[in-house]
Amino acid sequence: MLMKKGIFVDELRNVVIKIGEIAEEEEEWESPGPTPKPGIIELRKWDHKLLERYEPFYAPMQDFCNLCTMGPCDLSFNKKGACGIDLRTAKARLVTIACCIGASAHTAHARHLVDHLIEEFGEDLPINLGGDVNVEAPLIRTVVGIKPKTLGDLRKALEWAEKEIVKVLHSVHIGNEENFVDYESKAMHVSMADHVGMEVADIAQIVAFGFPKAKPDTDLVPTGFGIVDTKKPVICVVGHNVMYSRPIIDYLERSGRIDEFEVAGLCCTAHDMTRYRSKAKIFGPISYQLRVIRAGLPDVVVSDEQCIRADLVDACSKMGIPLIATSDAAVRGLTDVSDWKAEDIVEALVSGKLKGVFLPVPEKVGEVAPKVAEEIFKRNKDRKYKFFASDDELKAEIAKCTQCMSCVFTCPHNLRIDIGMAQAQKTGDLSKLAILEEQCLACGKCEQSCPKQIKIVNVIMRSNFEKLYAKTGKTRVGRGPIQDTEIRKVGQPIVFGQIPGVIAAVGCINFPDEMKSIVEILEEFLKRKYIVVTSGCHAMDIGMIKDEEGKTLYEKYPGNFDAGCIVNVGSCVSNAHIAGAAIKIANIFAMRPLRGNYAEIADYILNRVGAVGFSWGPYSHKAASIATGFNRLGVPVVVGPHGTKYRRAYIGKPWKNDKWWVYDIKSGKKTFIEPAPDSLLVAVETKEEAIVQLARLCIRPNDTSMGRQIKLTHYIELSKKYMGDLPDDWHIYVRSEADLPLKMREELLKVLEEQHGWKIDWDKKKIVEGPLRGYDAGFNPTVVEEVFAKYRR
Amino acid sequence: MLMKKGIFVDELRNVVIKIGEIAEEEEEWESPGPTPKPGIIELRKWDHKLLERYEPFYAPMQDFCNLCTMGPCDLSFNKKGACGIDLRTAKARLVTIACCIGASAHTAHARHLVDHLIEEFGEDLPINLGGDVNVEAPLIRTVVGIKPKTLGDLRKALEWAEKEIVKVLHSVHIGNEENFVDYESKAMHVSMADHVGMEVADIAQIVAFGFPKAKPDTDLVPTGFGIVDTKKPVICVVGHNVMYSRPIIDYLERSGRIDEFEVAGLCCTAHDMTRYRSKAKIFGPISYQLRVIRAGLPDVVVSDEQCIRADLVDACSKMGIPLIATSDAAVRGLTDVSDWKAEDIVEALVSGKLKGVFLPVPEKVGEVAPKVAEEIFKRNKDRKYKFFASDDELKAEIAKCTQCMSCVFTCPHNLRIDIGMAQAQKTGDLSKLAILEEQCLACGKCEQSCPKQIKIVNVIMRSNFEKLYAKTGKTRVGRGPIQDTEIRKVGQPIVFGQIPGVIAAVGCINFPDEMKSIVEILEEFLKRKYIVVTSGCHAMDIGMIKDEEGKTLYEKYPGNFDAGCIVNVGSCVSNAHIAGAAIKIANIFAMRPLRGNYAEIADYILNRVGAVGFSWGPYSHKAASIATGFNRLGVPVVVGPHGTKYRRAYIGKPWKNDKWWVYDIKSGKKTFIEPAPDSLLVAVETKEEAIVQLARLCIRPNDTSMGRQIKLTHYIELSKKYMGDLPDDWHIYVRSEADLPLKMREELLKVLEEQHGWKIDWDKKKIVEGPLRGYDAGFNPTVVEEVFAKYRR
Amino acid sequence: MISKEEKFPIAKRYNVADVQVSRDATAVKPVVVVNLIKKAKNPVLITGGSLLREEKLVEIAVKFYEKGIPVIATGGSSKPLIEKGVKPLFKTYTLHQITQFLLDEDFKPNGKSFDVVLFLGFLPYYLSRMLSALKHFSSITTIAIDEFYHPHAKFSFTNLTKDKEMHYAMLEEILSRI
Amino acid sequence: MISKEEKFPIAKRYNVADVQVSRDATAVKPVVVVNLIKKAKNPVLITGGSLLREEKLVEIAVKFYEKGIPVIATGGSSKPLIEKGVKPLFKTYTLHQITQFLLDEDFKPNGKSFDVVLFLGFLPYYLSRMLSALKHFSSITTIAIDEFYHPHAKFSFTNLTKDKEMHYAMLEEILSRI
Ligand code: SF4
Ligand code: SF4
Ligand code: SF4
Ligand code: SF4
Ligand code: SF4
Ligand code: SF4
Ligand code: SF4
Ligand code: SF4
């Protein structure tokens, strides 16, 4: 029998209320759409529509499968395995698994947070994201179909997400799906759940921890390798779940000693620490873990979950740095000291009796970490170790190299360590090694393969130490959601195309080239008045790359969600606000209802919102599910070349004219259109290619003439600049002469006539014949039959 | 705001009750134990205890990892990847993923069932498993800490399981756990959730569908390839979730035409159909899918989820068999016809316009399937196709073979198809091919690799057609749970050892040898008065292997849970009742409380309940999680040789004396013990080895002298029979002369003296010196400190 | 340990999928590439981003073009090529997109399908994935002529990372013979 | 296509882990096995379940035993061996368990660790996994002398499935020389 907990209405005590299913009597904030709390099949039709256009592309990493014990099975050349699955479907299944893992990461993170915060703040803590944010949870509204008002309400969204993740994971069990398109649909489904999980997590921490609420001008915090005052004990937090390390700040503030310590973070916990207090600093992304630890910078390391090196215990203990692991997702084999007294924990760590401890009790972490740091600091004053004790040691290490190239063939970037070593051996010149630092992920694989056991990472870091140490910039603290007011302002220009696009640079950092490339790419768009949004590791990298005047992009461009501005939403889970912004455009600007209305919203975004995701160096499963979630929402994503290793892309064939059509609600007709955008997920090789692809994928069928003109202007200019000529396909985006970039109009009309056989009325400077379709101001595209029917009524 | 749904107490209408969290006011059926609704770390200590003894063993399938896009990484020789993970930990991570998939399969299956059944029967449908079952849900009680009374209550268990699966799946995301033991602990955790999922599923279907309730003498149903009357239309169901195909029976019964059709199933749906109505029949396990379909036996195939061939659409359509897919876990790329009229679906399938449809609406399946079968049957009368239209066709096919052996090197069993073909080519003698049929999984991989595109499976099946067709036996319908009364009867003899063991033969069927081997193995134990339990594909195989008198084990041995009996619990999800029986022994016989008291119960089972799991041909992820769930519960599992491909085992080192100890509650001392059992998960190569391992792993520290004597008798006899001599380790299980098998006592005492240097008092025929420990009737072992403290008080 | 002369069975693993399966690229010398190109009905050269950093590769690609082999330029490699007078068939699409197109039999930008495709100037891990896709899902003859050996290609130069000059010489050798 | 004589770089893939990594067994002839056994400090022969079906293997194992090589019998192979007078070191444990023991440096059933282990008479897929474990996690020299080539072994007979007689002859050759 169920009874309410909490305030007890006395008369009720003896009324036996058999409450079976608790129904939500939602305030009628919006009439419910067709797919609240969707299961696997509710949105299948939408997925199949997308996937018919954006055909899944598979690039297997291995030719066989060994997922079950009937295998291993040779699936090469699309053969079938013992269970009957073929290579394509097996790869789609792997992608589905990856997306399940990504979605689980965010959802479990959210679950940890929400359960913990409800304990701390109560389930009634209102969801208040500031006066400028009324559409508080666009993803939850659209997907789950509820409007969460309190922390407690977020649990309902989580329960839905958990249920769906388990269902999709079920489908990868041997003997289920046999069709790769249906696996892709499931990958999209679970990735949509991933976005809900992210939204829950970020909303929960914003409201409970008092993070900035959609504030454009948040503080700037120091970012980079050289940011800490080495005269103070350094507490280094690493991971994604700030819940465990926040109490460190609280403790230091309470004891009035915050200024005597340095609290700096790696990965998203760093973002979230700075969102909590801008006294915290950012060391850098995942690739800075070994850099920071091997340099001996921290006096204590506090790890939580995700994207933490799996050799952390070893790496820290080699440098004499005690480790405090906090999350049950990564216990690291350490002793659980939850029940120990704080002093005893401190003693065990400081004395070295334990290399590290598992301490999942946030308050205790808050007390233990500073105390340990202080003690370790005392005996570790010369920790500016520069990776080698002396130049001679460095030299001796370099001397060991035989140029065998084992390292090169195991390095994710095939960095030519051998050449750098040879040069240093011959001439003492470290410059070739120093250059490697700009690209090195500090992943350590080279060291694993080196027969001479050379500390290659240390050699590389030391060789570029001055520059590395000087990599100190500023990151604008993650602001969380986009304001409804901002959406109101930019909604129309985005949908009509006058703001040429929104570039969302998010995710991980195994960039194919130097870290500064991300800044070069984004600045091209900032200058051209695109809106740039960022988060996670990309946002940190941006914060440590300075121009000649020593300024980062954050200092040069404002933090508004507006043309020519750069918005750091925050950590990985803050990516939800980027998807949310797209949804809010459909809702706030276009008045499309959200509640359980996913397909209509995604269709709106696909056809109208020129937003493109960009992840220059994605590698995590979370990046896979984030991207796939954006794809289902109609947002294309461009990834760096390592992104091909996700094995799957969604790439349309623009030359297949019959694939590109919409229903035009205005005319009531099925209409062939230009292929815009023509890919949903595509990997580029170079930064030049990234720039051009991003520009072209911002084009949308719904662009007004003015909008199309602006978008084409940038696309053509960038293509000329980086590809050396007009793009191959610019003309297929031309519906009338009004679409043509003003300055180039004549030139382009000539090209259309000469190279494409279009008929031009040269007197009027008008196109007479040629375009696939004409421009119609009332054009109202959709690919969803139900949406077409609804608005045709 | 939340309000109750359902019967509305009028006075409440205007009382605003803010019900935040709904608390369960459980009747105090038992005082709560330490770990209700455990998270990842609550039982970590127990796991680490197990894993210290039963050290994880890794046998990598591949030397590299490509789980993320920093890879692929060479992990050979335990190197670390770019994320810092080493090979062992990477393999433990893979095992954790496999267990997550297995757990998701059962849990999503349960979720589908429960949500659907609540719609059909209401959430108040009581959980009534018959008068002999009061401990209705031992796993849910022990793990989740609740006592479910209704269908609705089962949802709480499901929510817990879903949450934990997502948490564990999170931990496999890059950058989490770095220690293989902690991954194993997580694998165990999620596998415990798997067992809860199974229990929920089976309880739900038993109570809602009226399956047998712990009834020992259920009906016998025809089983095997040749069971259907080919004069009737044949409806073939395949998969695991009977919810979608049950309405077929209902429809046929309603229309009074049940006897005009054959309804036969493949895989667990077959079990569950027969549990619903014993008119249904069992074609066989997963390896019978291609056999049955290629023979053209069905007139329609209805698929649901799990263990279904991933080339089903193709396989069916090649034989002109329409397919109805029903579960959202396996949509198979088919058109969703949920909204179509039944006639239209029938028409589309019968006309061949659609090869198959996706129809997730159970009631419609019930109507459509028979109608389609009837129509197809009319034109398909000669469907006893025998795999080739004629002997000449067979001969021509065989003639194509060049003995290239491609098939041999891709066959999971390396079957010598080349030799069989050569023999047939030369002499026309098919016998060597026929023998292959007894081992062939009908997986079809050989055909994928054959350069001559020979229909190898058909050749093999046809060559043994007479015997295959004669493989018709009987399976005792799955009975579901074990009665409390049965437990009361066998509890003591099991715990004291007089019933020498419980052998639970469950799971999949890629047996390393002929199908009949499972019967040979089990009969050895039945004759020796062990209790044999079975389920899933093993239970079906047993049902089609007859002795010389044409009897299956089910006909020769009773269906009680008692010495010398064989119990078929039912389908895969019924495995929960086997774990449940072990738990009920601790509870009903030993009065150990269950509620949230997992570690104590598992510890009890490990030390006292001589139950061993056995899976002769495991291959699914579900098999992995089932086994791992049993392991956490203290039940060892023996698997066939293919089981090594799970990559991980738990194998203790009996020669490391200091690893084997318990706390003796009676004496209050830590006591070294004999290593019993010495492995938790171990793969055997031959059936001979299986028999001996099963016998030895039944030994438990708590055996009385009588019990130990009986267990040793069987162990020694079996070792002599199959290994040619006394076991290597029999003496370490001897605590006093009373433990020695009566008939061999003198002989064994001599061996102890001569070979092991023990001192014997030959007058008294007593052991004076030698044993590791003496026997003490009050010995009360535990390895859990908290249990020790609790009962020492 | 077993020399080729002896008539000895080859070491064929019990299961092709244990450790490794499928075809590894045949490591070839320039002359083989020449023959493959000569026999091709419709060959094409695809160039990648390395041309932005390695001028010699631009020079090579230009020569291929001048020998009548059409060029698809990706990764921005069109820029230096166009500057040198090449008119690439495509310059806008990524190798990822071009590969997707190549997998489709209907893709005939110069009137017929490409049967032989040469790859020059790519990040090895990026090219490797594309070669894998083409290996499994098409019948195109792929030839990698970069400095790294590419196992997923049908034919590949052997590994030339130790000796850039040798790589260039091999490329020149091809050019001198077609 | 490239013959060994030419001084040509080997085809080394850009990433060792792309397609395949790690050591493949060296395919060896009997004489090499003989040398390995002779040099061994403490060799052992482990036999498997095939001995229950293939009498010739029993005969071979007995001869190994008679030459002084200790035998660990698994899978029930002890039965025919004991009947022929062999006293195996172990007969109760599975190869799975024995492998777990071998991975432990403390495992010295005859006083010292085994440094060379020969495997005879196993289901290939079962043995393969054990060889994989020993490859990655131990320094033992594993030698597979079954009819299938075993890539995870350190040394293995090549594939002899076409010719059982050759297999037996090779086994006899070893025995004649140790
Ligand atoms: S899942 Fe299928 S393809 Fe993979 S190993 Fe198992 S049977 Fe083979
Ligand atoms: S640490 Fe740097 S150089 Fe070494 S393998 Fe990783 S990325 Fe390459
Ligand atoms: S692996 Fe070591 S020795 Fe070989 S080239 Fe690299 S750094 Fe030098
Ligand atoms: S952006 Fe990628 S690497 Fe960075 S913290 Fe997020 S998931 Fe990890
Ligand atoms: S998960 Fe780790 S080991 Fe695996 S590919 Fe990624 S970096 Fe390499
Ligand atoms: S693969 Fe085909 S041709 Fe070769 S041996 Fe097997 S059946 Fe004969
Ligand atoms: S179908 Fe039978 S013979 Fe063919 S590969 Fe599978 S198990 Fe071997
Ligand atoms: S026992 Fe195994 S093969 Fe059989 S139905 Fe269950 S999971 Fe599938």
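A note on names: the letters A, B, ... follow the listed sequences, proteins ahead of strands, and every chain is numbered from 1.
If you tally non-hydrogen atom pairs under 4.5 Å between each of B:H112, B:E159, B:H109, B:K186 and chain A, the highest count goes to B:K186. Residue with the most contacts toward chain B among A:I40, A:L94, A:L290: A:I40 (heavy-atom pairs, distance under 4.5 Å). Per-residue heavy-atom pair counts under 4.5 Å with chain A were compared for B:C443, B:A105, B:A103, and the maximum is reached by B:A105. Ranking A:D336, A:V181, A:L67, A:I97 against chain B, the residue ahead of the rest is A:L67, based on heavy-atom pairs under 4.5 Å. For the set B:S185, B:A315, B:A623, B:S620, the entry with the most heavy-atom pairs within less than 4.5 Å of chain A is B:S620. Across A:L334, A:I174, A:D304, A:T89, the residue that shares the most heavy-atom pairs under 4.5 angstrom with chain B is A:I174. Ranking B:T644, B:I286, B:I85, B:I41 against chain A, the residue ahead of the rest is B:I41, based on heavy-atom pairs under 4.5 Å. Ranked by heavy-atom pairs under 4.5 Å with chain B, the first of A:G102, A:C508, A:G81 is A:G81. Counting heavy-atom pairs closer than 4.5 Å to chain B, the top residue among A:S104, A:C83, A:A108 is A:S104. Options B:K167, B:H413, B:R647, B:H240 differ in how many heavy-atom pairs under 4.5 Å they form with chain A, and the most are formed by B:R647. Here A:R111 is the residue among A:E447, A:R111, A:H48 with the most heavy-atom pairs under 4.5 Å with chain B. Heavy-atom pairs under 4.5 Å with chain A peak, among B:K79, B:K45, B:H621, B:H642, at B:H621.
For chain B, no part of A:D86 is nearby; none of its heavy atoms comes within less than 4.5 Å. Looking at B:K622, both its backbone and its side chain come within 4.5 Å of chain A, counting heavy atoms on both sides. Residue A:C446 does not touch chain B at all, counting heavy-atom pairs closer than 4.5 Å. A:V166 touches chain B through backbone and side chain together, each having a heavy atom under 4.5 Å away. Interface remark: A:N510 contributes side-chain atoms only to the contact with chain B (heavy atom separation under 4.5 Å). Using a 4.5 Å cut-off between heavy atoms, A:P618 touches chain B through its backbone atoms (N, CA, C, O) alone. Within the 4.5 angstrom heavy-atom criterion, only side-chain atoms of A:F358, from C-beta onward, approach chain B. Contacts between B:L441 and chain A at a heavy-atom distance below 4.5 Å involve the side chain alone, from C-beta outward. Heavy atoms of A:L158 lying under 4.5 Å from chain B are absent altogether. The part of B:D182 that comes within reach of chain A is its side chain, from C-beta onward, which places non-hydrogen atoms under 4.5 angstrom from that chain. Residue contact with chain B, scored on non-hydrogen atoms closer than 4.5 Å, involves the side chain of A:I165 exclusively. Neither the backbone nor the side chain of A:V168 comes within less than 4.5 Å of any heavy atom of chain B.
Counting only heavy atoms from C-beta outward, the side chains of A:V172 and A:Y183 approach each other to under 4.5 Å. Between A:E177 and A:T96 there is no side-chain heavy-atom pair separated by less than 4.5 Å. Using a 4.5 Å cut-off on side-chain heavy atoms (C-beta onward), A:L323 and A:L312 make contact. Residues A:F409 and B:D74 are not in side-chain contact: their nearest non-hydrogen atoms beyond the backbone lie 4.5 Å or more apart. Within the 4.5 Å cutoff, side-chain heavy atoms of A:K445 are placed close to those of B:C73. You'll find the side chain of A:E305 stays beyond 4.5 Å of the side chain of B:S171, heavy atoms only. By the 4.5 Å heavy-atom criterion applied to side chains, B:E162 and B:T107 are counted as neighbours.
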With side chain to side chain donor-acceptor pair (under 3.5 Å) as the test, would you mind laying out the steps for A:Q62 and B:N66 before giving the verdict? CA-CA 9 Å; A:Q62 59 192 43; B:N66 53 30; 3.0 Å; yes
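The closest donor-acceptor contact from the side chain of B:N78 to the backbone of B:L87 lies under 3.5 Å. Side-chain N or O atoms of A:E164 include none that pairs as donor or acceptor with a backbone N or O of A:H189 at under 3.5 Å. Under a 3.5 Å cut-off, the side chain of A:T150 and the backbone N or O of A:E123 do form a donor-acceptor pair. A:K645 places no side-chain N or O within 3.5 Å of a backbone atom of A:M61 that could act as its donor or acceptor partner.
No hydrogens or angles considered: a donor-acceptor pair under 3.5 Å links the side chains of A:H170 and B:Q306.
Using a 4.0 Å cut-off between a side-chain N of Lys or Arg and a carboxylate O of Asp or Glu, B:D314 and B:R332 do not qualify as a salt bridge.
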